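This report refers to the structure that appears directly beneath it.
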Amino acid sequence: MFVSATQDFRQHQTTAHLAQTMSFLALPIAELETKLLTELDENPALELVEELRCPGCGKRLAHGLCPTCAAPRGDDAPVVYLSQHDPLGFRALDGDEGEPREIKTPERLDEYILRQVGPALSSAERPIAAYLLAQIDDNGFLTESPAEAAVFQRAPLATVERVLALIQRADPPGICARTPEAALLIQLECLADDAPRGRQLPTSTMFILARAIIRDHFERLAKCEYTRIAHRLHVPRTAVEAAARFIQRNLTPYPARAFWGEGKAGGNDDGAALIAPDVNISMLTQRPDGPLLIEVFAPLAGWLRVNPEFKAVLAECSETEREKWAPVVERATLITKCVQQRNHTMRRLMALIAAEQRDFILGGDGDLRPLTRARVAKALGVHESTISRAVAGKFAALPNGRIVPLARFFDRSLSVRDRVRCLVETETRPMTDDEIAAALGDEGIRVARRTVAKYRNMLGILPANVRARVGRLRVDAVYQLAPI
DNA sequence: CTATGGCACGGATT
DNA sequence: AATCCGTGCCATAG
């Protein structure tokens, strides 16, 4: 049925239709949902029938799983099943068995800060604050200079700086700084302001020393070169060590992480725990060699279609009325077909990925095999850009609970990075990048020394000479991420 | 002299 | 056409 639907679809495509299809494919599930909800709202010809059907055979179902289609067909072919239920929990799966999950609305960092500084701002300053907050990256750093912001907002530089100062002192202190150093310095000031309020406070010389270290010797601080710093500042080494400990315990160079800290503590990965997956991959049976079950999530439970009653009424009304409503019906059919097409492509894509990257899905990062979008496009007989759109911005939930971006299936170097991590973890004495490169060569992985250095940095592993000094710490672990 | 990071180039990928 | 990635070269710190 999917095939015939697709062919029918292709025959009626115009250029405009094609563009629509692609834009649907590119939408992650959350955006598809809002899109569909507004379409349903605006288009009277479109309706959502709250009745579940098996996407494979079209049979009506009491719940989402059609036994015939979900049954293992063969152990090598992954089974594909299009889920009709909504992982976001906006609708119950079924009357009795579906307890709708809580809608997770993690508070946005920018809103959180805006609420804090809002009262202190004039109506003219508020848009500036919003603009600045929109320019922060994942680590909480401002990505452009106040001067640039002033130009864009057509505001006096002094005003921008005033707003910025307020933001930087709001709750994750140091947010919107431009560098880690600046963030630390701001946090230090905040801490000094707070100190009189009865917290265990270090001496003021400690503050002064800490500030000097951060401002003038940040690089050396990161490398734990305390002796050198002590020498330059003409203070005892122990004082520098004490200051470093103070900094590590009370400040964080990445202010945004203090904010997300609680939320992503469980999912050790890249904070993806809060993201609703577009696809779920699980094991259909307990057998490790059994088939994989793939669910491509649809954002709404039910069956999207053109309202047949609407069509019937339309057929009987006057010519002018029909002229008026025809485009609406046309759009409704287009929407349904776009959704079908999106599902179709996603299913085929995920089936191929699952077959190709089975080891990675069931195993770990080291088992990822090289895979390019181009190869997938060829195998599926679609254009490369189609795959790119399908992959971009979407996430898959793996059987072991990790939620990873689809792009990870195409990561060329993940398995090598994993080997690097493994080598460093098991090393007896710190290996230099050259030695690591050689060790990888012995395993048949040919990489340049320079590349090892890059991977090492990505992994947050310090250089060999520093590891000799401080042991195996991650870069950001050098500053213990402790909330103030 | 060795280890490493920065810059930038070329080729692959999207 | 734009972007990403691995790598070579060179400067710098130890």
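It should be emphasised that the depicted structure is a prediction, and the values quoted were computed from it without experimental measurement. Protein chains get the first letters and strands the later ones, always in sequence-line order, with residue 1 at the start of each.
- Annotation: the span from A/M350 atom CE to A/N280 atom CG amounts to 9.5 Å, rounded to 0.5 Å.
- In this structure, the side chain of A/R169 engages the main chain of A/A165 through a donor-acceptor pair within 3.5 Å.
- One can place CG of A/L440 at 11 Å from P of C/dT7, the figure rounded to the nearest angstrom.
- Annotation: of the two residues near DNA chain B, A/D434 and A/A374, the 5′-most nearest-nucleotide partner is A/D434.
- Atom C1' of nucleotide C/dT7 and atom CD1 of A/I436 are separated by 17 Å, given to the nearest angstrom.
- Side-chain proximity of A/R412 to the nucleotides C/dC5, B/dT4, B/dG6 is greatest for C/dC5.
- Judged by distance alone, with hydrogens and angles left aside, A/R450 brings a side-chain donor or acceptor within reach of the base of B/dG6, the pair sitting under 3.5 Å.
- A cation-pi arrangement is found for A/R373 relative to A/F410, the charged atom lying closer than 6.0 Å to the ring centre and inside a 45° cone about the ring normal.
- The distance between atom CD1 of A/I445 and atom P of C/dT7, rounded to the nearest whole Å, is 12 Å.
- Summarising the geometry, the separation between CG on A/D411 and C1' on B/dA12 is reported as 15 Å, rounded to the nearest angstrom.
- For the pair A/E384 CD and C/dA1 P, the computed distance is 15 Å after rounding to whole Å.
- Checked against B/dG5, C/dT7, B/dT13, the side chain of A/V447 finds its nearest nucleotide in C/dT7.
- Residue-level contact check: A/A464 touches the backbone only, with heavy atoms under 4.0 Å from sugar-phosphate atoms and none from bases.
- Between the C1' atom of B/dT14 and the CZ atom of A/R375 lies a distance of 16 Å, rounded to the nearest Å.
- Distance A/L371 CG to C/dC5 P: 15 Å, rounded to the nearest Å.
- Along DNA chain C, the nucleotide nearest to A/Y455 and the one nearest to A/R449 differ in position, and the one closer to the 5' end is contacted by A/Y455.
- For B/dA12, neither phosphate oxygen OP1 nor OP2 lies less than 4.0 angstrom from any side-chain nitrogen or oxygen of A/T372.
- Between the side chain of A/R305 and the backbone N or O of A/T333 there is no donor-acceptor pair closer than 3.5 Å.
- At the phosphate of B/dT14, OP1 or OP2 sits under 4.0 Å from a side-chain N or O atom of A/R373.
- A/R408 contributes atom CZ, which lies 9.0 Å from atom CZ of A/F395 (distance to the nearest 0.5 angstrom).
- Whole-Å rounding puts the A/F410 CZ to C/dT3 P distance at 21 Å.
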